[in-house]
Every structure is written in C-alpha cells, then in structure tokens.
**Q** 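Dumping the structure here so I can ask a few things about it.
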Amino acid sequence: MAFSIYDFSSFTQSIHQLLSGVMSPAWVLVSELVLVGLVFLMFYALLGLALVYLERRVCAFIQNRLGPNRVGPQGIFQTIADLIKLLFKEIFIIKNADKFLFNLAPFIVIIASMMAIGALPFAKGLHAMDFNIGVFYILAVTSLGVVGILLAGWSSNSKYSLLGAMRSGAQIISYELSVGLSMLAIIIFSGSMQLSVIVESQANGWWIFKGHIPAFISFVIFLIAATAETNRGPFDLAEAESELTAGFHTEYSGIRFAFFFLAEYMNMFLAAALATTLFLGGWMPLHFGVDTQFNHIMDFVPPVVWFFGKTFFVIYIIMLFKWTFPRLRIDQLLTLEWKYLLPINLFNIVLIAFLVMMGWHF
Amino acid sequence: MDQTTLQQTIAKLAPNAVFNTNPQFVEAVVPANELHQVAKALKDNSETQFDFLCNQTGIDQKGELKVVYHLRSTSLNHACVLKASASNREDAILDTVSDIWAAAEFFEREIFDLLGIRFTNHPDMRRLFLEDDFQGFPLRKDFVDNVNIIEF
Amino acid sequence: MNAFFNYFSEIGRGVKTLLKGMQITNGYFFKPREIVTQKYPENRATLKMFDQFKGEVIMPHDDNNQHRCTGCGICENNCPNGSIQILTKKETNAEGKAVRIVDKHIYHLSMCTFCGLCIKTCPSDAITWGQTFEHAVFDRSKLTKVLNKPGSTIKKEVKG
Amino acid sequence: MVEKAEVILGENEQYVINMGPQHPSTHGVLRFELSLKGEIVDKVVPHCGYIHRGIEKMCEANTYQQIIHLTDRMDYLSAHPNNEAVSLLVEKALGIEVPERVKVIRTMLSELGRLGSHQLWWAAFGMDLGALTTFFYGLRDREKILDIFEESFGSRLLHSYICPGGLMNDIHPNFKTRVKELIPYLRKKLPEYDQLLTGNVIFTERSKNIGIMTKEDAISYGITGPSGRGSGFACDVRKAEPYSAYDRVDFKEILMTEGDTFARYQVRILEMYESIKILEQLVDQIPDGDYTVKMKPIIKLPEGEYYQRVETARGELGVYAVSTGEKFPDRMRFRTPNFSNLFIIDKLARGHKIADLVAISGSLDLVIPDIDR
C-alpha cells in the first residue's frame, strides 16, 4: 500500500484497488462510504473534545489561571470525563414542549455542521467530497443550522429560549450575507468554487498576500462574520449568558445539550478551516520568493500539519475575540452588519473585480 | 443655618409641631393629619429646601407607632427629623409622602411590611420583603412568631 | 464628504481600541508566570494560613494536658448565636474546698459566625483561633466539638 | 400550537419574563419581573426579600458588640464601613474619643475595602456585558487586598474587625509593608482596566447614553454613592461630614454630570485612584498607641435617638438607633445604600433593551443582602 504524508491520493487509490479486488463495484462504493463516514464520525468527536479542552486552556491562560489540569496529564482527559458525565445525565423533557421538534433540534444543528466538514480539503488528496461548487455547498449547509436553533428555541416552550432563538435568527440571516460576499472575493480571485482548485491556486502564494489589501479586508470581514455566524462571543447573543441565562438551549440537558455544545465548537473549527482554505492557502506551505532554501524547509512540513496549524491559529484568534470583548447588543449587531460590513464588502467586491480584470493580482 | 433658626423656620411652616430636644437634629413632631402638608412645605420652601429624604422608618415606641423622616437639604446642607405617630395600632394610617420624595415609595412599603402602618394615596401598598400571606408585622413589639419561636 | 471621512475614521478608532484590548489578553496568554491560582490539594503540605486566621475556636492545652479555662461562661454569654455551651461540675480541690470547674466546653462550629467576641472577652485567655480551615464533614454532628480534652485540668496560675 | 402560543404571550400582548431570583446577572437572589415588547423593556418590577433575614429585628435582641457581626452581613463586599457605622454611633452616644491610631487604621481599612469592592464590581460589570476575562483580572487584584485583611484579622470577607471603642485586635506588623507593596501594584494594573474595557468601542457603545439618571431623580430617589455621583449629586459623606481620619486626607469627590451607565462606571474607576491616593497619604502616618479604648463589658447607650452615616463603597449607610437605656437597642434601623439605589431601575430601564437592563443594574452595583437586610 502506497502511503505518503505529502499526497494522500495514492493512499486512497490503493484502498480503492484493494477493495475492488475483493468485491463488486457497488459493494466497494458502499464500504467506502461507510469507511469515510466512520472516519469522519471519529474525527468529529475527537476534534470536538480537543477543541473544548483547547478553549478551556486558552481562556484559562488568558485569565491567569491554569484551567483543567487534574484528569490525566495536563488535564487532557477532562473533556472525556465531561462527556461521560453528560451521557449519564438525565434528559429533561419540558412540560408542554413540542416533543418531536424539541428532540429533533439538536440533531439538525449537529448534522448541518457535520455535513459541512465533509467538504473540507485537509491535505492533498485527503478530501471526502470534492464538489465543483464546494464553497456554495458549505454556505448552503451551514445555514441549515439556524433552523435547528430556531426550532430549539420555539419548541422549548420557554421565554428565554424563544428570545435567544429569535436573536439568533436575525443574526445568522444577516451575517450569512457577509460570509457569502467575502467568500465571493476569493471566488473572483481564483475563478473557481471548487475548494481543491482554490487551494491549488494558492501554490505560488496565499490569497491574503496575493490579493493586496482588498483580500485582507475580505479576510477580516470573513473572520468577524464567521464568528458571528457560529454564535460565539462577542456575538453570542443567542445564548447571552448574563441576559438570557443560556438562550436557546436553556431547557436542554445531558447529551442533547452536548450536541449543541459540540456543534458550536465544530462550527468554529469549520469557520477557521474555511478561512484557512480560502485566504491562508489551505494545506499549502508558506513560501517566499521562488525556489529558496526557506521554501524547501517549508515543503518538508507535511500538508496536514500546515492545514491544522493554520486552522488552530485562526481558532486562537477567534477565541481571543471571545475572551476579550464585551457582548454586542442586538441592534448594534445588526448595525455592524448592515451599516459597516455589508457596504464595505460590496465596495470591496467591486474593487476586487476591477483588480482581477486588470490582472493586477499576482 | 444653625439649629435654632432652622427650628424657627420649621415652626413657621408647621405651627402645630412640637419640638423635641435632640442634640443631633432639629426634631419636629407633627400631627398626623398635617404631615403631608408640612412635608410638602419643607421641600418647597426656599429657606428649608429639604429635597433629600435620606431615611424613613417606623418605630414602635411605648405602644405608639411612629414614622421618622430624616430630611436633608442637598443645597443648604442642613438636616432635620420629622416625626408623626399613627392614631391607633389596629388600623394605623398615615399620609404618604411618596409624591414628594420618590424614595419614600419603597421606604413606606417596607414600613407597611414590617410595622403595619398603612399609607393613604400610596401607589402600590403591598408587602415588600415578606410573602403576601404573612400574618402579623414583625417589627412591632407585640409580635409573636408562633412558627419560629426564638427566645433570648 | 465629511460624513464619508468620519465613517472611516470611526471604524479606524474602533478597531484601534479593540486591538488594544486584545493586546492585553494576548499578552497574558504568553505570560504563564503571572498565573495566580493555587494548586490547592497538592500544596497542602506547604500551605500555611496566617497566624491570626479565623479557622475555628480552639482551646490550647500544654504538655501536662492543662488548659486555662475556668468555666466562667463569659464566652457563652457573649456569643451572639449560641454556639458555645459550657457545662460545669463541682469538684473538691486539693485544699478540700468545693470549686466549680469546667466539665465540657462545647463549641458548635456549624453555628459560629467567627465574630471573635468569645476570644476577645475571655478573661483568662483560655480560647484562641485555630488555623484549620478544612471543616467539611459528612455528618453535621461532627461539627459539635468539645474543646477541653478529656481528663484535662486547669492550670494552677489561672484564678477561677 | 395555537394554545401553546397563547401560553407564551400572555395578556395584553405583553411578554412577561421573570429575571431571577436565580439569574447570572442579578448578582444574588433578586427578581425582576420584566414586561417586554419584543426586546424592549416596557416595565421592570423589582421583587426583593429572598434573602431577608430580619437583621433589624435581630438587633433588638443583641448587645451593641454583637450587632457588629450582623452588620457585616449586609454589604459584605465592603464590610468595614458597616462595622464602622455602628461603632461610630456607639462612640458618639457615649462620648468616647478613640485614639488617633484607630482613626487612621479605620480610614485605611475603609479605603482598602472600597478598592476591593470596586474591583469586584468592575469584574462583575464586565461579565454582565459579556467580557468574561474582566472577572478574573478584577478578582486577581482584589485577592491582594483580601490577603492584607486575612493577615491582620483572619478573615477575608466578614471581618467584624471594627468594634465600639476601637478595633478587635491590633493590626499585623506586616500591614504597613503590605499596603506599600499594594499601591505600586495597583497603579500598574489599574490602567489595564481602562485598556481592556473603558476604551473599548463595544463597551462605550453599550454604556453611553444608556439609563440616564438626572440629578433631580437621583436626589428624589435617594441614590447615593458612585451611582448618585455619576449624575452630579454630591453625596459623599466623607466630604460632607468627615469621620475617622477623612478630615485630614486630601482627595477629590468624583462628580460626573452625564448620569448614564458610562458615567457611573467612570466614577468608580476614578474613585479607585482616589482611594489609592488616600492610602498613600495615610500609610506612613499610622501613629503608635492603643488599638482600642477600655470599654465596659456591657454597653448601655443613654436614652435617646442617634443617627450616624458613613460612606460605604455603594453609598450612604445610615444607622438609626433608638435606645431606652438598656443593653439592647429598642430599635435599630439601617438605611442601606442599595435599598434606595435599586428602585430607580424601573425608571432607568424603560424603553431600553434587555441587554441594557443588565448593564444598568450592573452599573448600580447592587448587593442583594444589603437591600433585604
């Protein structure tokens, strides 16, 4: 079995050939789907746990604390212990709640985020589905999550939950625009919606460098809007701890609450991974100039490491947002989107189109 | 303004007031039916200008329910004490001053809650701290708590 | 045009203040030496409370199992919460006189508010503050303590 | 589904929610009954009494020394001024002059308590607005002050340290050096507060022009302390009626005229610098001498009525005592600052959003046990 850390396509090909040798093509497809599904489930759960641990440690260090450090070395098994606790907790069903929708809501939220993760290119050839409309697909799928949040708020039969859900609805519908438009900037630059093509187009430099200032503005807007869309601080109005106790998931407990929790972290990962793929070159290494010693050293680092390194850097920035800023008010949130981000973004798109038309980008 | 001139000024505004000796403040005891009128005069008069009701409380002294007002003037920096006693214990009634000082609204609710003095014309005369079905008024000297008997 | 200029300078100023805040939090992230929390159960051996720490009321005994309490009951009278009870008994001393001595100095830790009036008013300095702070027990009755040790006697120099 | 919708909406299209008694931003067991129109607050009805312990009734069965430890439990975040109020009242009634040393130490303790209280308020206020890190920075610095307290008198929160006639015991020998170390530390850390929150554009947007209280309202409702001074109501008892050693220290009474949430915030931040200034002036001037005067074991106040007011971290605390010459007071009344400060919230929050209500109640710096007593 051919295996290279730099190119996974030969690895996946060899698995395919191996399976083709023992079963019929239909069964090969089924078993491959099952295999990919299993791998992604594992990845999703482990990454969720890792991110929760990471967030707690990062915020602890920011706040002059140590954070979880008891369960296992440096507390790395803390989140697993938490997960076990959540699994054993009683699941409350609220009286007069719409039970079907109440039970359905967390699954919608978690499925939406999981579907989106599937389209991400983690390294060369390490790609579950390489859609030719990858960017569009991710946008479409992530906006499904708000349906789950709205359902959760509505079906809980709780006033706090409903307020939180309505806030969340207004917020996500607004910020979807900015996310879409700032993604559009890169689509104009690279001329493709396929994520693998976008990554390949950054082989000679990342778009954030190649695209001059407009690309940087797009990146910043994407970061802000994506933070808002994942309902994270300072845009966590939907759960707004000090106002609505826990917002849309006030009435959830046990593993259902864990689903919302996990989905939030996976959405954060998704936002960071998309920022990485679109603006920071995906799994492409950092290059300066052409064929220098520096570039060769950078090439030596595997693409997976590059991808996750950049993603976690973006995640750190998003975490820093949350642990630094006060929460916005709902009208300020909408003002920020409609009065600042959207006009700047529209103007930025025109500018980028002009840049690309003149061929001024690298 | 020193204490004697302040006392004379107040005496002009409240002719029926009786002045007690109190080393700290000028202390005027006004009849219950004149309370509201005197209070209003004390606030509005340009020589007194008692615009800050810093404390209002009730006391149960020698079988009498009294309300004590500690007034202060923020512009002229003098203070006085106003006292009025309710006529009887069973149906203790006094006039509200919450239309003169907004702070009185909740002081009076507290007094009603703990001493059982009812204030007429008060916008919202309910118990403040204790539950609505609480029996008796705890700060009265004859209050006996049958549930939580504490004897010292 | 002015409004247009204001719009952008406002954004610039806003972003600057946000970055200032992030500078602080980011700075602390890379300064692990500033961590202020204590690793409590681990540092139990080295953790020492201040001398005057009000942990609980104790009655010091010397090597001969002698304390200074005369059983006068001043601490009992002064306690606002009734957390001290003193039981006395009559005993004949060496000179053959019947004297009242303390039988049990009972201290209800669960009712104590640590106001310090008992210690302040004690005429013979029999009780003082202990530095123990780990008072968690599984049974509330364990919080009721008898301060004088069994078989202990009063010191000679203390006058009843 | 129609039936369920009616359950949620209630009468008159008003959306009534109960904020509290267990809610993260009421800082204790306080309940607001909010009538909402969408996100906008139409009416706030505060309900208190969830932690009513009847301290005033308990005082009628306690001696004056024993009352001290009850006053701790009112405004537990700045407990020294509470103790001091009762002590000053007793000393005034008996005509006792306490030693200079006691006066200076009392003043320093009050200011240390004020610093700690304002730091905790800053921490919690930031958290009310969603800036979670402020909570830890505020508590981190407060911890240094609590350590000083703990070393000198053994407890961190409920000290019962100032008593009629002086102090419970003498200060620790380290007290002076500890305070001297504290002053430069705070001078270094306090600008961080401004950098993190005061200048922040989100914070200023959320606090400016929110919950505007006019000076007339402040006086009429009896809003004292930093909340009142944010509206320009000069109500600092330390200036108006100096007690202890306040007559010999130089400090400014911070006054703001805007009366909004930001002004109340700014008053407290600037007051912290003033407190440091007071500490700096006094730390080298602690005279030697006794820490207490000899008091009778049972204090009996002469018959009469007494009123004493002090400035706690939250405003004017008035103690009103009626004595019949017995060892127990006939009536003890505490005019607590938070009680008066709370009830203006209906007026301030009307027409603002829920998030603003949280900011306003945070800026009033409410301590619930002080309201309920």
Side-chain angles (χ1 to χ4, degrees), chain C residues 9-29 31 34-38 47-57 72-83 111-123 125 128-133, chain D residues 58-59 61-63 65-73 83 131-134 136-137 139-141 143-144 147-161 163 167-174 189 191-205 292 295 297-298:
Chain C
S9 65
E10 218 173 85
I11 294 174
R13 239 177 296 135
V15 170
K16 212 171 128 190
T17 59
L18 295 181
L19 288 179
K20 245 186 188 174
M22 278 169 76
Q23 193 190 339
I24 296 241
T25 43
N26 190 40
Y28 275 116
F29 180 72
K31 266 188 265 176
E34 300 242 357
I35 284 170
V36 289
T37 47
Q38 293 201 356
L47 186 68
K48 200 180 163 300
M49 304 309 285
F50 293 113
D51 305 336
Q52 291 176 350
F53 178 72
K54 295 177 185 172
E56 58 176 344
V57 175
C72 62
I74 287 178
C75 51
E76 187 181 356
N77 284 338
N78 270 288
C79 182
N81 319 298
S83 53
M111 283 153 81
C112 183
T113 50
F114 304 98
C115 64
L117 283 174
C118 51
I119 290 162
K120 198 190 174 204
T121 53
C122 182
D125 293 332
T128 182
W129 289 119
Q131 270 77 47
T132 328
F133 60 94
Chain D
M58 277 153 89
C59 287
N62 274 307
T63 64
Q65 287 104 325
Q66 290 172 342
I67 285 171
I68 295 290
H69 95 287
L70 292 173
T71 59
D72 269 347
R73 272 109 186 134
N83 300 346
L132 297 155
T133 302
T134 60
F136 292 91
Y137 291 171
L139 286 185
R140 173 195 68 195
D141 300 342
E143 203 71 358
K144 307 264 177 206
D147 278 347
I148 297 177
F149 287 167
E150 193 183 347
E151 189 173 39
S152 260
F153 31 89
S155 49
R156 302 168 77 81
L157 210 57
L158 306 166
H159 317 297
S160 308
Y161 183 59
C163 63
L167 308 168
M168 281 299 252
N169 48 282
D170 209 351
I171 48 167
H172 199 269
N174 281 352
K189 294 287 182 190
E192 272 182 14
Y193 292 18
D194 288 339
Q195 220 173 329
L196 195 62
L197 211 56
T198 317
N200 193 306
V201 65
I202 302 174
F203 175 75
T204 47
E205 282 290 308
T292 178
M295 298 287 283
I298 292 167

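These values consider heavy atoms only, across backbone and side chains, with no hydrogens, waters or symmetry-generated copies. Here is the naming used below: chain letters follow the sequence lines, and residue numbers restart at 1 for every chain. Everything quoted here is computed from the prediction, not taken from an experiment.
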**Q** Measure Glu10(C) against the heavy atoms of chain D and call it side chain, backbone, both or neither at under 4.5 Å.
**A** neither

**Q** Side chain, backbone, both or neither: which part of Asn169(D) has an atom under 4.5 Å from a heavy atom of chain C?
**A** side chain

**Q** Say you draw a straight line from CE of Met58(D) to CG of Asn81(C); how long is it, rounded to the nearest 0.5 Å?
**A** 7.5 Å

**Q** Identify which part of Tyr137(D) has an atom lying under 4.5 Å from any heavy atom of chain C, answering side chain, backbone, both or neither.
**A** side chain

**Q** Report the distance from atom CD of Gln23(C) to atom CD of Glu192(D), rounding to the nearest 0.5 Å.
**A** 10.0 Å

**Q** Shortest non-hydrogen contact from Pro80(C) to Asn62(D)?
**A** CB-OD1, 4.0 Å

**Q** So for Arg73(D), is it side chain, backbone, both, or neither that comes closer than 4.5 Å to the heavy atoms of chain C?
**A** side chain

**Q** What distance do Gln195(D) atom CD and Thr25(C) atom OG1 have between them, rounded to the nearest 0.5 Å?
**A** 10.0 Å

**Q** Apply side-chain contact (heavy atoms from CB on, under 4.5 Å) to Tyr28(C) and Thr133(D), showing your working.
**A** CA-CA 11 Å; Tyr28(C) 275 116; Thr133(D) 302; over 6 Å; no

**Q** Which answer fits Thr121(C), side chain, backbone, both or neither, if we ask what part of it has an atom under 4.5 Å from a heavy atom of chain D?
**A** neither

**Q** Could you report the tightest heavy-atom contact between Gln52(C) and Glu151(D), atom names first, then the distance?
**A** OE1-O, 3.4 Å

**Q** Where on Met22(C) is there a heavy atom nearer than 4.5 Å to chain D: the side chain, the backbone, both, or neither?
**A** neither

**Q** Do the non-hydrogen side-chain atoms of Gln66(D) and Leu117(C) ever get within less than 4.5 Å of each other?
**A** yes

**Q** Within this structure, what is the SG-NE2 distance for the pair Cys79(C) and His69(D), rounded to the nearest 0.5 Å?
**A** 7.5 Å

**Q** CD1 of Ile24(C) to CG of Leu197(D): how many Å apart, nearest 0.5 Å?
**A** 11.0 Å

**Q** Would you call Thr17(C) and Ile202(D) a side-chain contact if the rule is heavy atoms closer than 4.5 Å?
**A** no

**Q** Measure across Cys115(C) and Met168(D) and return the closest heavy-atom pair with its distance rounded to 0.1 Å.
**A** O-CE, 3.0 Å

**Q** Nearest 0.5 angstrom please: Lys120(C) NZ to Ser160(D) OG, how far?
**A** 11.5 Å

**Q** Tell me which of these, Ile74(C), Val15(C), Asn78(C), has more heavy-atom pairs under 4.5 Å with chain D than the rest.
**A** Asn78(C)

